[in-house]
Engineer: 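Can you read through this structure? Questions will come right after.
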Number of protein chains: 2
Amino acid sequence: MTYTIGRLAEASDVHVETIRYYQRRGLVGEPSKPPGGIRRYGEADADRLRFIKQAQTLGFSLNEVSDLLALEDGRHCREAERLGAEKLAVVRERIAQLRSVEKALAKMVGQCRNNAGKVHCPLIASLERDAKSATVPSCNHRERQASGVRPRPSRYG
Amino acid sequence: MTYTIGRLAEASDVHVETIRYYQRRGLVGEPSKPPGGIRRYGEADADRLRFIKQAQTLGFSLNEVSDLLALEDGRHCREAERLGAEKLAVVRERIAQLRSVEKALAKMVGQCRNNAGKVHCPLIASLERDAKSATVPSCNHRERQASGVRPRPSRYG
DNA sequence: CTTACGGCCGTAGTCAGCTACGGAGTCAAC
DNA sequence: GTTGACTCCGTAGCTGACTACGGCCGTAAG
């Protein structure tokens with residue numbers, strides 16, 4: 001079961017040029033070129049590419065994906081543990097935030113369906129857990145008091 | 001409680017230039033300039049900015065954030081319901097994926113802590129649920145059979 | 001054996017999302 | 001009434017993540 005780069009691209013749903021780009025960045029390996037001249041790839045490569053794409057849609061930058069992939073080899077267990085724990089915290093926070101967004105969205109959709117009149121932008125409110133002044137902020141251009149801590153998200157750093 | 005743009009930037013942890021950029025993109029409003037000449041902002045603006053940043057770290061593009069924010073005004077209930085339901089599905093999928101990443105990471109960290117030898121890149125495996133050939137792919141450069149469906153993530157589109 | 005599809009490789013262009021800069025105006029403090 | 005921090009506004013530059021292009025070469029089908 002070997003692929004040329006084109007077939008690999010199909011199998012993993014990642015463009016050829018993107019694969020090359022990942023190779024240049026060191027995210028995926030470049031199998032050595034046999035004397036003749038065409039590299040061959042395997043299913044593991046396709047898996048890895050799919051993984052990269054997935055991780056990206058979950059909000060990880062390619063650098064972070066690199067980190068994650070670096071955990072894979074089982075060596076440097078000490079380091080892997082540290083990094084893994086770190087990412088784990090990030091992942092858990094994201095899950096929590098997404099859950100509150102989910103709740104808010106579900107509620108809003110429900111309100112809409114019941115035509116229950118005024119929908120009160122629960123979205124913004126949903127991410128204000130940290131700022132514990134619990135009143136739902138008005139969404140339009142008008143002032144309120146609230147504020148507090150914000151976790152300074154490092155945005156794909 | 002009014003802010004100048006600089007104070008707003010501090011309060012929301014978003015750079016002044018970024019705020020202006022968002023204004024240009026229409027993500028946040030620009031309060032009208034009083035005759036004299038300096039715009040004033042309120043707490044709602046800070047909330048909105050914090051929301052935008054949060055939503056970004058959750059993997060939404062500014063366009064998507066726009067969509068989400070457009071739901072806030074309570075008008076167009078029909079449309080809001082549709083859009084809301086759509087985003088809800090996306091959010092739920094992301095949560096599910098993050099959960100399996102979480103599980104994988106937790107397991108790996110546990111293995112490392114117990115020094116249980118070989119860590120078997122459960123990360124890649126964790127995102128292979130879709131491809132239902134259940135064997136854990138080796139992470140290094142070697143072939144395997146597996147594959148199947150992939151959900152073609154639209155990557156912040 | 002030739003022809004055409006695809007791989008190889010380097011470089012350049014694109015798009016989103018900022019980030020920086022420069023010059024003019026504003027406003028509060030001294 | 002001048003200084004200095006800040007606002008306003010337009011435009012230019014930067015980074016991350018691709019995406020496209022072009023020229024050369026390999027290899028498989030007819």
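Just the heavy atoms: all of them, side chains too, but no hydrogens, waters or symmetry mates, feed the values below. Every value quoted in this text rests on a predicted model; they were computed, and no experiment measured them.
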Engineer: Regarding A/R94 and the six-membered ring of A/F60, is the cationic atom NZ or CZ under 6.0 Å from the ring centre and inside 45° of its axis?
Structural biologist: yes
Engineer: Tell me the interatomic distance from B/L27, atom CG, to C/dC18, atom C1', rounded to whole angstroms.
Structural biologist: 13 Å
Engineer: Specify the separation, in whole Å, of atom CD1 of A/I19 and atom C1' of D/dT19.
Structural biologist: 13 Å
Engineer: Looking at A/T18, does any N or O in its side chain come under 4.0 Å of the phosphate oxygens OP1/OP2 on D/dA17?
Structural biologist: no
Engineer: For C/dG17, take OP1 and OP2 only and decide whether either is under 4.0 Å from a side-chain N or O of B/Y22.
Structural biologist: no
Engineer: Output the rounded distance in Å from NE2 (B/H15) to C1' (C/dC21).
Structural biologist: 16 Å
Engineer: Starting at CD of A/Q23 and ending at P of D/dC18, how long is that distance when rounded to a whole Å?
Structural biologist: 14 Å
Engineer: In whole angstrom, what separates A/Y21's OH from D/dC21's P?
Structural biologist: 19 Å
Engineer: Who pairs with A/R20 by salt bridge (charged side-chain N to carboxylate O under 4.0 Å, His left out), at least two apart in sequence or on another chain?
Structural biologist: none
Engineer: What residues form a side-chain contact (heavy atoms from CB on, under 4.5 Å) with A/A106, not counting sequence neighbours?
Structural biologist: B/L88, B/R92
Engineer: Tell me the interatomic distance from A/R25, atom CZ, to D/dC18, atom C1', rounded to whole angstroms.
Structural biologist: 10 Å
Engineer: Please confirm whether the shortest side-chain N or O distance from A/Q56 to OP1 or OP2 of D/dG16 is below 4.0 Å.
Structural biologist: no
Engineer: Is any side-chain nitrogen or oxygen of B/S61 closer than 4.0 Å to OP1 or OP2 of C/dA16?
Structural biologist: no
Engineer: Using a cutoff of under 3.5 Å, can you pull out all pairs of nitrogen or oxygen atoms linking the protein to nucleotides 5-11 of chain D, with atom names and distances?
Structural biologist:
from  : atom 1 : to    : atom 2 : distance (Å)
D/dT7 : OP1    : B/T4  : OG1    : 2.8
D/dT7 : OP1    : B/G6  : N      : 2.7
D/dC8 : OP1    : B/R39 : N      : 2.6
D/dC9 : OP1    : B/K33 : NZ     : 3.4
D/dC9 : OP1    : B/R39 : NH2    : 3.0
D/dC9 : OP2    : B/E30 : OE2    : 3.4
D/dC9 : OP2    : B/R39 : NH2    : 2.4

Engineer: Could you list the residues that satisfy side-chain contact (heavy atoms from CB on, under 4.5 Å) with A/Y22, not counting sequence neighbours?
Structural biologist: A/V14, A/T18, A/L27, A/V28, A/L49, A/I52, A/K53, A/Q56, A/L62
Engineer: Could I get the full list of side-chain contact (heavy atoms from CB on, under 4.5 Å) partners for A/R99, not counting sequence neighbours?
Structural biologist: A/I95, A/E102, B/I95, B/R99
Engineer: Quick check on D/dA17: is either OP1 or OP2 less than 4.0 Å from any side-chain nitrogen or oxygen of A/K53?
Structural biologist: no
Engineer: Under the rule for salt bridge (charged side-chain N to carboxylate O under 4.0 Å, His left out), what residues qualify as partners of B/E86, not counting sequence neighbours?
Structural biologist: B/R82
